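Written below as structure tokens is the structure these notes are about.
Remember, predicted model here, so these are calculated numbers, not experimental data. If you read the sequence from its start, that first residue is 1, and numbering goes on from there.
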Amino acid sequence: MQKPTRTILALAAGSLVLGSVGVGAAAADEGPRADTSSREIVVLEPEHDKSGSHNGKEYTVGKVVSRGPVKLRSKPTTHSDSVGHVKPGQKVAIVCKTRGERIDGNDLWYLLRPKEEKEEEHKGREESREGGREDEGKEEGREHEGREEGREEGREHDAQERQDEPSSEDQGRSDRDGKEEKGRKEHKDKKDKKKAWVTARYVKNLDRVKWCD
């Protein structure tokens with residue numbers, strides 16, 4: 001027996017609604033779960049409704065308008081890592097906007113300003129300097145040890161060592177350059193992981209938001 005056309009249309013509409021609810025639930029739910037990082041990003045909470053600046057960087061104020069906590073993502077999609085959450089009524093500092101996964105018909109996502117961004121950057125620079133000083137100390141220690149061994153082995157060995165010394169210096173310089181490049185890459189990766197995106201579906205901007213570069 002065939003079902004009436006009206007019944008078939010009602011079932012199809014119900015399926016579309018359930019599909020939309022599923023996507024929205026991935027962005028706004030009862031809080032962080034298993035996919036939330038062990039250390040959540042704490043975002044800046046402006047005191048006023050007007051746009052301002054933090055550590056010399058401008059932001060636009062937004063307000064969370066969801067019924068429950070909203071997850072923050074490392075990228076503008078619900079398929080990326082959850083890095084924290086914001087609560088209903090909370091004010092947030094919006095850096096810029098971009099297009100990403102569509103949530104309940106809205107494909108805009110906001111990049112939020114972390115609260116401790118300046119402190120984390122300062123800590124990263126200090127760790128990089130400390131690592132560079134430690135590498136230089138080790139390199140100087142190896143050079144001193146090589147000179148002592150050369151003196152003990154006689155003039156002939158000293159002469160040979162002096163011939164090889166430029167290549168040794170080049171190798172040391174190359175090693176230091178490689179370590180510095182690796183350090184810069186690791187710092188960039190850590191910085192990318194600290195990004196906090198939130199869907200604009202659940203955040204109302206109180207002023208004009210610029211597009212991300």
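Residues Ile94 and Gly62 share a closest heavy-atom pair of CD1-CA, 3.9 Å. Across all their heavy atoms, Val83 and Lys195 have their closest contact at CG2-O, 3.8 Å. The shortest heavy-atom contact between His48 and Val61 is O-CG2, 3.5 Å. Contact detail for Lys194 and Pro114: the closest heavy-atom pair is O-CG, 4.2 Å. When all heavy atoms of Leu108 and Asn106 are compared, the pair lying nearest together is N-OD1, 2.9 Å. Minimum interatomic distance between Ser80 and Ser74 (heavy atoms only, all atoms of both residues): CB-OG, 3.4 Å.
Neither side chain, Glu58 nor Ser53, offers a donor N or O lying under 3.5 Å from an acceptor on the other. With 3.5 Å as the limit, one finds a donor-acceptor pair spanning the side chains of Ser51 and Asp207.
With rounding to the nearest 0.5 Å, the separation of OG1 in Thr78 from CZ in Arg102 is 13.5 Å. Distance check, rounded to the nearest 0.5 Å: CG of Leu206 to NZ of Lys50 gives 12.5 Å. The structure places CZ of Arg113 at 7.5 Å from NE2 of His54, a figure rounded to the nearest 0.5 Å. From Trp211, atom CH2 reaches atom CZ of Arg99 across 4.0 Å, with rounding to the nearest 0.5 Å.
You'll find the side chain of Thr98 reaches within 4.5 Å of the side chain of Trp197, heavy atoms only. Annotation: side chain of Val198 is in contact with side chain of Leu112 (closest heavy-atom distance under 4.5 Å). Here the side chains of Pro88 and Arg67 are not in contact, with every heavy-atom distance at 4.5 Å or above. The side-chain heavy atoms of Leu72 and Tyr110, taken from C-beta on, include no pair separated by under 4.5 Å. A 4.5 Å side-chain heavy-atom check between Val43 and Lys115 finds every atom pair outside the cut-off.
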**Request:** Would you sort out whether Val92 and Leu44 count as a side-chain contact (heavy atoms from CB on, under 4.5 Å), showing the intermediate values?
**Result:** CA-CA 6 Å; Val92 294; Leu44 179 67; over 6 Å; no
**Request:** Just do the side-chain contact (heavy atoms from CB on, under 4.5 Å) check on Val64 and Val70 with the steps written out, would you?
**Result:** CA-CA 8 Å; Val64 181; Val70 180; 4.2 Å; yes
**Message:** Is there a side-chain contact (heavy atoms from CB on, under 4.5 Å) between Lys63 and Gln90? Walk through the geometry before answering.
**Reply:** CA-CA 6 Å; Lys63 186 175 182 180; Gln90 179 178 340; over 6 Å; no
**Message:** Would Thr199 and Lys71 count as a side-chain contact (heavy atoms from CB on, under 4.5 Å) here? Give the steps.
**Reply:** CA-CA 9 Å; Thr199 170; Lys71 286 185 177 181; over 6 Å; no
**Asked** When you look at Asp49 and Lys91, which way does the salt bridge (Lys or Arg N to Asp or Glu O under 4.0 Å) test go after all the steps?
**Response** CA-CA 8 Å; Asp49 294 342; Lys91 292 180 181 178; 2.6 Å; yes
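Annotation: cation-pi geometry not satisfied between Lys97 and Trp109 (NZ/CZ under 6.0 angstrom from ring centroid, within 45° of ring axis).
By the rule that hydrophobic residues join a cluster once side-chain heavy atoms approach within less than 4.5 Å of another member, Val203 and Tyr59 end up as members of separate clusters.
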